[in-house]
Amino acid sequence: MCNSCPAAILEALGKLRAAKLLAGVRGAPPADVEAAAQVVLAIGRLMQSVPAIAEIDINPLMVHAKGDGATALDALVVVAP
């Protein structure tokens with residue numbers, strides 16, 4: 001995936017086992033998958049611009065209802081020695 005490929009990220013999100021949950025089930029509104037894709041893009045750009053970052057773990061990423069964005073509830077950034 002490339003930094004300028006949000007469509008590819010959205011496609012990948014649509015292939016997740018949890019994709020049905022993102023689409024909204026049991027009366028829940030659809031999730032803001034565009035915001036989730038923007039998070040993926042931002043993390044990719046950050047890792048490319050700061051080579052010392054070995055990995056970033058966001059768990060969980062709370063994806064809110066469409067139009068309401070996403071929130072990283074916890075994150076770990078590992079810097080290479």
Side-chain angles (χ1 to χ4, degrees):
M1 275 182 251
C2 63
N3 278 343
S4 61
C5 301
I9 294 169
L10 289 171
E11 181 181 339
L13 290 173
K15 293 179 181 178
L16 294 173
R17 286 186 293 173
K20 289 181 183 177
L21 296 175
L22 294 172
V25 293
R26 299 185 193 144
D32 197 341
V33 291
E34 290 82 8
Q38 290 302 315
V39 170
V40 173
L41 287 170
I43 290 170
R45 284 192 299 269
L46 177 63
M47 292 189 76
Q48 287 179 339
S49 65
V50 183
I53 296 176
E55 63 183 86
I56 297 176
D57 179 24
I58 295 178
N59 189 15
L61 177 67
M62 178 70 73
V63 183
H64 305 291
K66 189 171 182 100
D68 289 339
T71 305
L73 300 179
D74 189 28
L76 173 69
V77 177
V78 177
V79 179

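- In this structure, V25 and K20 approach most closely via the heavy-atom pair CG1-O, 3.2 Å.
- Hydrophobic clustering of Ile, Leu, Val, Met, Phe, Trp and Tyr side chains at less than 4.5 Å, counting indirect connections, keeps V40 apart from I53.
- Between P29 and A65, the shortest heavy-atom distance links the atoms CG-CB, 3.8 Å.
- Criterion: ILVMFWY side-chain heavy atoms under 4.5 Å apart, direct or through other members. Under it, I58 and L46 are part of a common hydrophobic cluster.
- When all heavy atoms of A35 and A70 are compared, the closest pair comes out as CB-N, 3.9 Å.
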Checklist entry - Run the side chain to side chain contact (heavy atoms under 4.5 Å, CB included) check on V78 and E55 step by step: do they pass? => result CA-CA 5 Å; V78 177; E55 63 183 86; 3.4 Å; yes
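- Residues V39 and L41 do not share a hydrophobic cluster, defined by chaining ILVMFWY side chains whose heavy atoms lie under 4.5 Å apart.
- Placement of L61 and V33 in two distinct hydrophobic clusters is found when ILVMFWY residues are connected by side-chain heavy-atom separations under 4.5 Å, directly or transitively.
- Rounded to the nearest 0.5 angstrom, L16 CG and L22 CG are separated by 7.0 Å.
- Across L13 and A36, no two heavy atoms sit closer than the pair CD1-CB, 4.1 Å.
- Residues M47 and V50 share a single hydrophobic cluster, defined by chaining ILVMFWY side chains whose heavy atoms lie under 4.5 Å apart.
- Between G67 and D32, the shortest heavy-atom distance links the atoms N-OD2, 3.0 Å.
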Next on the checklist: Pair I56, V77 - check side chain to side chain contact (heavy atoms under 4.5 Å, CB included), show working.
Outcome noted: CA-CA 5 Å; I56 297 176; V77 177; 4.2 Å; yes
